[in-house]
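When reading the values below, keep in mind they use all heavy atoms of this one structure, side chains included, and skip hydrogens, waters and symmetry mates. Order of the sequence lines fixes the chain letters, A, B, ..., with proteins taken first and strands second; residue numbering starts at 1 for each chain.
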There are 2 protein chains.
Amino acid sequence: MFSVFRAYLSDKIQLSDEDYRMIESVSMFKKLRKRQYLMQEGDIWRNNAFVCQGLLRTYRVDDKGVEHIINFAMENWWIGDRESLATGNPSGFNIDALEDSVVLLINKENFDSLCKKLPPLNDLVHTIIHRSFIASQNRINAFLSYTAEEKYIYFRDKYPDFAMRVPQQMIASYLGMTPETLSRIKRQIARK
Amino acid sequence: MFSVFRAYLSDKIQLSDEDYRMIESVSMFKKLRKRQYLMQEGDIWRNNAFVCQGLLRTYRVDDKGVEHIINFAMENWWIGDRESLATGNPSGFNIDALEDSVVLLINKENFDSLCKKLPPLNDLVHTIIHRSFIASQNRINAFLSYTAEEKYIYFRDKYPDFAMRVPQQMIASYLGMTPETLSRIKRQIARK
DNA sequence: GAAATTTCTTATCATAGATCAATTGGCGCT
DNA sequence: AGCGCCAATTGATCTATGATAAGAAATTTC
């Protein structure tokens, strides 16, 4: 499974075999069955996590017990709660697997020390956070400007992989609408 | 006006007088009158910008001509379109001043070279982007989970300075509701 | 491969918030 | 003080989406 991470890294940055050995030596793997939690609300998140295989979601449960999906992550995506990681406070989110999955984990201390020793890795992390921020801004824009239909079309076109693999009710949750509304919207689009 | 930026930086990181001289030598200042644009849709954004004085907004205009406010920025906040800055593509956003303002600008090339020479500045930038990302995630969560009233209360409590200074219709736009709805919500809250 | 479970669709009704339209209030300007 | 301008409030509808419910389709389980 480390090969997936290695392939990902070597596609983005230049590292030596020695560097990879160092990374692998602090990597932990966690297999998750469908529905299994990687993190639960109240836990403190202490890792950097990379999805080697499968599909996961980050979500929050509101006062009425309704789940709201913040993010999805599949192979070659990072996942976790950066706020909890940064502050050391318990997370308000849950993360669980939507499919059987394998996640690579490197704890905060080890990861920080890797970043110090491997500047390209450090740069990569900053690039990813930067991109995540930009994507978040665009998602906020979608919430502000788009109708339910426009939000779905934007999602489908921007993340076709997720649109194919994620159950429809969860796409609805991610887009901030009910499954019924999404179902209606899909029918409307199909009719055109 | 550089003193504002210097005070901001010295509160967060350790730099020498020489470092500050270097920063100041590449800093440009732009005075903006109320309603004046700092950037318009279609422009390519090539700066890092820090608000020394005043209040600005980043917003988008949708197909129907409705403005949607993505962000506010006041003294000691950074502003700009990081997507346009990173990609070199024209921005889809507008930035203008809600009050007479002064903005410090450092163009991309100069800023990048400053970051290379001054590691603490580099770290600070990454910290800010990281925090911005976390704030964006929380805002997304608010869009997913909160009613109009909850969104307003969250905003008012988290950003009391903006809640005081920003015209109400613009707060409504930022929160993704109409000015009428916000007005009614405030009345309801007051009655309790 | 049939039963059980879950997901998706469809229909009807309910509602938060939008839209449209005045009215009121605040503030600078002459 | 009075006029003009813009922001905020209020009221009267309207509408997109939510809530509920029930059946159809798909998927899982044994």
Handout entry: Touch class at under 4.0 angstrom, heavy-atom based, for K34(A) against every strand present
Key =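 If one applies the 4.0 Å heavy-atom cut-off, K34(A) turns out to touch the sugar-phosphate alone, with no base involved.
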Return the value, rounded to whole Å, for the distance between atom [atom1] of [X] and atom [atom2] of [N].
X	N	atom1	atom2	result
R184(B)	dC20(C)	CZ	C1'	11 Å
K186(B)	dT10(D)	NZ	P	11 Å
K64(B)	dT15(D)	NZ	C1'	12 Å
K151(A)	dG18(D)	NZ	C1'	13 Å
Q188(B)	dT15(C)	CD	P	15 Å
F143(A)	dA16(D)	CZ	P	20 Å

Problem - Members of residues 154-182 of chain A that approach DNA chain D, where some heavy atom sits under 4.0 Å away - result: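 Contacting residues: G176(A), M177(A), T178(A), E180(A), T181(A).
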Fill in the blank from the handout: Residue set satisfying ring-ring contact (aromatic ring centres under 6.0 Å, His included) with F133(B), at least two apart, ordered chain then number -> none
Practice task
Check whether any side-chain nitrogen or oxygen of R33(A) sits under 4.0 Å from OP1 or OP2 of dT28(D), and answer yes or no.
Solution key: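 No, outside the criterion.
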Practice task
Please state whether the phosphate of dT10(C), meaning OP1 or OP2, lies under 4.0 angstrom from any side-chain nitrogen or oxygen of R187(A).
Solution key: yes
Exercise for the section: Please round to the nearest 0.5 Å and tell me the distance separating atom CZ of R139(A) and atom CD1 of I140(B). Expected result: 4.5 Å
Exercise for the section: Kindly check if the number of other-residue, nucleotide or ligand heavy atoms within 6.0 Å of NZ (K158(B)) is above 12? Expected result: yes
Problem - Residue among F5(A), W77(A), F111(A) satisfying ring pair (Phe, Tyr, Trp, His ring centres under 6.0 Å) with F50(A) - result: F5(A)
Exercise for the section: Quick one: closest heavy-atom pair of M39(A) and F93(A), and the distance? Expected result: CE-O, 3.4 Å
Exercise for the section: Assess the side chains of S113(B) and N110(B): does a donor N or O sit below 3.5 Å from an acceptor N or O? Expected result: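 The criterion, which ignores hydrogens and geometry beyond distance, is not satisfied for N110(B) and S113(B).
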